[in-house]
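All values below come from the heavy atoms of this structure, side chains included, with hydrogens, waters and symmetry mates left out.
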Amino acid sequence: MSTATGIRQGVGESVLRPDGRLKVQGAFAYASDLHDDAMVWGATLRSPHPCARIVRLDTTAALRLPGVVAVLTHEDVPGQPLYGMKVADQPVLAADRVRYQGEPVALVAADHPETARRALRLIDVGYEVLEPLTDPERALGGGGPLVHERRADGKSGNVVRHVRIRHGDMAGARRLADVVVSGTYQVGMQDQAFLGPESGLAIPADDGGVDVYVSTQWLHDDQHQMCAALGLPPEKVRLTLSGVGGAFGGREDVSVQIHAAMLALHTGRPVKMSYNREESFYGHVHRHPARMRFEHGATRDGKLVYVRARLLFDGGAYTSTSQVVIANGSYFAAGAYDVPHAEIDGYCVYTNNPPCGAMRGFGAVQSCYGVESNLDRLARELTMDPVELRIRNAMTTGSVLPTGQAVDGPAPAAELLERLRARPLPPAGEGAFARPGGLNNTTHGEGVRRGVGYAIGVKAIGFSGGVDDRSVARVRLALVNGDPVAEIHTAAAECGQGIVTVQAQIARTELGVERVVVLPADTLVGDAGSSSASRISWMSGGAVQGACKAVREELTARGDGPLEALLADGPVEAEYQYRHRRTFPIDPERGQGDAHIAFAFAAHRAVVDVDTELGLVKVVELATSQDVGKAMNPLAVEGQIEGGSAQGLGLALMEELHIQDGTVRNPSFTDYLIPTIADMPSVPIDLLELPHPDSPYGLNGVGEPPTLSSTPAIANALRDATGLALTRVPVRPGDLIHSGPTDSGPALSGPADSGLTDSEGR
């Protein structure tokens, strides 16, 4: 039996997602819709202070409230008191100290959600408020207090990690540069802003374990952390994915999982927990705010000689994935360019600001904004067209990264830019809606200037730095009412990106069947890894393909003939574990090593209209060109690119959590602004399909790259329209009508290496 051809809704077709119609109609069951007739409601008491000692904790009054069935504190944690994805440093419930506003202190279970909220207000907590450390520069310099007196990783100080990359001969390179430009750039704290808040239902089981239904990105990592906190073996902590209302990295860390399970095991009843919007802002990590300084040296004809970069990311109170976020930002601080010499120092520090972790683009978003902004500055200094400067220095296959790794797959950076440059520019808009300010009739076109900006980004696909990444799939082919039906079982988290559809497409293509059932993702099958790092179609797709091939081999062994006849002797089932090619940790002294499995490139051209008197912006068009390897589902690929571009627009113009002295000032969708349909421009999408040599079907990750280049393309267009420096995103209206931020910034030096190696990361 060979791979089938001519099968409808197979690989490469625009297959509609099975959840699409339900979501549009409002009928899809999300985690917040979970219900059990016997359930009680869980709620979390959170610290109002970013830094304080807990000197008193009395739950007596809350326990007396009618309807309350449990109040739990740190003393009730049955297993390990700390949890975390990379480092177990975050308390399940705070014991003697809180390190950020919103840190969980106690849990309540009650027969009604309002009763649970009332009980929270009755818990008496005495705080000795301390001065928070909120300035990352102060945290880096060692002049402030320690956020962690005793770090779980055995290190000391407030530096989470220092990534040090040294490539080429910097001393000689500086003598070769005819033109040197430098600039300091900042990125605000962006939130994933998914529409479905954190929710889950935990049901105690007869075997002393617990079944948890939750919206997440990585079922098995949640299980690992839960087992440690609950003191239970994996077979007694079973997780099933429930409806996920968006994720973008914000669901990689656990939220309700441990708390709901603790309450369920304590009360012996099902417990539902669901955050409201304000609590959601407190209850998940955010994109790391960044302060960055870039220096580029080039010859007079525009050939890059060197890049020198210093990145400082604010990791907030706990580690989460900060070690690998700063690594990823540092790896790609030279951008999508051939730069023979590089000196890059990336730092991430602890502060008493909200914890930061994974968000779409994972560190490369921040560094892409910095390098692309400085490239436009270099183009102005050279009086060179900014697109020509980029094309002249664009990576190609064989280019060597600052980490010493050669790009051995497709690297169409120049082609993507050329395709965008060749696109006709959009005409001037007509009508009030086409102007900055929109339908509010704010302007009639006075002081409106048009700008055009380009940017290109590159990042690694999948986990990097020597991680032995893997994904498991189980495929069963059987006759159902006389027809062959394939059944797929993986733990791949469907977060709205369409992995359920892709798995079904692969099975149809490989097995030649029309009917495919994708079972709910759970921990009863092997680990699929995280739905992050643009890896899930590659990894779980490879696992499903491998399992299907094993099924085909068994059918071939049964003989020739139609499937119905071959399956007459019974079903065929196979399990397959897919691994990508081996990667290696980078050297901690010089940052050299073959750390990545693959690379993805995306470019954007932004066209903006700016009212320079009012500071209002209308993004007219955000054209993009991206190499996707193989468009497994072209319609879904375009949706991913549109969504990533929208989040990039949000970071460029409006999205920022405002933190003042460690306190979140805008934890609501009233004050945290995200792009609406009225803010989104036309997004022409140009898909380039250059098959990757090592992936299933030649596919490449597509979800994260659009977030890299969309933000700096818009920022560069704003600079083109206004002539202002605009060294910080999001760009505010006042930045567009005043002189804007200065270019003064921190020196490029920093403290000694923290000693952390890249033993695990992306």
Q: A side-chain contact here means heavy atoms from C-beta on lying under 4.5 Å apart; do V551 and E573 qualify?
A: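 No. Closest side-chain heavy atoms not under 4.5 Å.
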
Q: Are F28 and Y30 near enough that their ring centres are under 6.0 Å apart?
A: yes

Q: With sequence neighbours left out, write down each residue that passes salt bridge (Lys or Arg N to Asp or Glu O under 4.0 Å) with E418, or none if nothing qualifies.
A: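 Checked E418 against salt bridge (Lys or Arg N to Asp or Glu O under 4.0 Å); zero matches.
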
Q: What residues, two or more places apart in sequence or in another chain, satisfy side-chain contact (heavy atoms from CB on, under 4.5 Å) together with D569?
A: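 For D569, the residues satisfying side-chain contact (heavy atoms from CB on, under 4.5 Å) (neighbours in sequence not counted) are R558.
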
Q: Under the side chain to side chain donor-acceptor pair (under 3.5 Å) test, which residues partner H692, sequence neighbours left out?
A: none

Q: Does some side-chain heavy atom of N633 sit less than 4.5 Å from a side-chain heavy atom of V15?
A: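 When only atoms from C-beta onward are counted, N633 and V15 do touch, with a gap below 4.5 Å.
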
Q: Is it true that D191 and R287 make a salt bridge, defined as a side-chain N closer than 4.0 Å to a carboxylate O?
A: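 Salt bridge: no.
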
Q: Side-chain donor-acceptor pairs under 3.5 Å in residues 538-548, sequence neighbours left out?
A:
residue, atom, partner, partner atom, Å
W538, NE1, Y578, OH, 3.1
S540, OG, S471, OG, 3.0
Q545, NE2, E510, OE2, 3.4

Q: Could you grab the distance from atom CG of D694 to atom CG of L699, nearest 0.5 Å is fine?
A: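 Answer rounded to 0.5 Å: 11.0 Å.
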
Q: So, using side chain to side chain donor-acceptor pair (under 3.5 Å) as the criterion, who are the partners of Q192 when residues are at least two apart?
A: H284

Q: Indicate yes or no: at least one non-hydrogen side-chain atom of S537 is less than 4.5 angstrom from one of I499.
A: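 Yes, side chains in contact.
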
Q: If you measure only the distance, is there a donor-acceptor pair under 3.5 Å linking the side chains of S645 and H604?
A: yes

Q: Is there side-chain contact between Y369 and L651, with at least one heavy-atom pair below 4.5 Å?
A: no

Q: Table please: side-chain donor-acceptor pairs of residues 408-417 below 3.5 Å, with sequence neighbours left out.
A:
residue, atom, partner, partner atom, Å
D408, OD1, R581, NH2, 3.2
D408, OD2, R581, NH1, 2.7
D408, OD2, R581, NH2, 3.4
E415, OE2, R419, NH1, 3.1

Q: Closest heavy-atom contact between A336 and I456?
A: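 Minimum heavy-atom contact is CB-CG2, 4.1 Å.
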
Q: Within this structure, what is the CG-CG distance for the pair L555 and L567, rounded to the nearest 0.5 Å?
A: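 Interatomic distance, L555 CG to L567 CG, rounded to 0.5 Å: 5.5 Å.
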
Q: By side-chain contact (heavy atoms from CB on, under 4.5 Å), which residues pair with S255, not counting sequence neighbours?
A: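 side-chain contact (heavy atoms from CB on, under 4.5 Å) check on S255 returns E198, Q257, Y275.
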
Q: For R21, check side-chain contact (heavy atoms from CB on, under 4.5 Å) against everything at least two apart and list the hits.
A: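 Applying side-chain contact (heavy atoms from CB on, under 4.5 Å) to R21 gives Q25.
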
Q: Return yes if a side-chain donor-acceptor contact under 3.5 Å exists between S274 and S199, otherwise no.
A: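 Present: a donor and an acceptor within the cut-off.
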
Q: Can you confirm whether R277 sits close enough to P197 that some side-chain heavy atom of one is under 4.5 Å from a side-chain heavy atom of the other?
A: yes

Q: Run the side-chain contact (heavy atoms from CB on, under 4.5 Å) test against L16 and tell me which residues pass, sequence neighbours left out.
A: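 Here the qualifying residues are L635.
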
Q: Please identify each residue that fulfils ring-ring contact (aromatic ring centres under 6.0 Å, His included) with Y337, with sequence neighbours left out.
A: none

Q: What's the separation between atom CZ in R421 and atom CZ in R605, rounded to the nearest 0.5 Å?
A: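 That separation rounds to 11.5 Å.
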
Q: Any idea which heavy atoms bring R423 and P684 closest together, and the distance?
A: NH2-CB, 3.2 Å

Q: To the nearest 0.5 Å, what is the distance between OG1 on T707 and NZ on K459?
A: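 So the gap between those two atoms works out to 8.0 Å.
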
Q: I want to check something: taking the side chain as every heavy atom from C-beta on, are V214 and L239 in contact at a cut-off of under 4.5 Å?
A: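 Sidechains of L239 and V214: in contact.
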
Q: Establish, from distance only, whether the side-chain atoms of E655 and Q190 form a donor-acceptor pair under 3.5 Å.
A: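 Yes, because at least one side-chain N or O of E655 sits under 3.5 Å from a partner of the opposite role on Q190.
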
Q: Table please: side-chain donor-acceptor pairs of residues 480-493 below 3.5 Å, with sequence neighbours left out.
A:
residue, atom, partner, partner atom, Å
H489, NE2, D522, OD1, 2.9
T490, OG1, A492, N, 3.2
T490, OG1, Q503, OE1, 2.8

Q: Can a donor-acceptor pair be found, under 3.5 Å and without considering hydrogens, that links the side chain of R508 to the backbone of E514?
A: yes

Q: Please determine if E704 and R360 form a salt bridge, counting it only when a charged side-chain N lies under 4.0 Å from a carboxylate O.
A: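 No, this pair does not count.
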
Q: Do we see a donor-acceptor contact under 3.5 Å between the side chains of S464 and H596?
A: yes

Q: Check G457 against C368 and note the closest heavy-atom contact, atom names and distance.
A: CA-SG, 3.8 Å

Q: Please name the residue in the list F248, F362, W218, F463 that meets the side-chain contact (heavy atoms from CB on, under 4.5 Å) test with S532.
A: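 The option that passes is F463.
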
Q: Looking at CG of L477 and CZ of R515, how far apart are the two atoms once the value is rounded to the nearest 0.5 Å?
A: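 Rounded to the nearest 0.5 Å, the CG-CZ separation comes out at 11.5 Å.
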
Q: What heavy-atom pair brings G249 and V285 nearest, and what distance separates the two atoms?
A: O-CG2, 4.4 Å

Q: State which residues pass salt bridge (Lys or Arg N to Asp or Glu O under 4.0 Å) with K23; sequence neighbours excluded, sorted by chain then number.
A: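 Result, salt bridge (Lys or Arg N to Asp or Glu O under 4.0 Å) vs K23: D19.
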
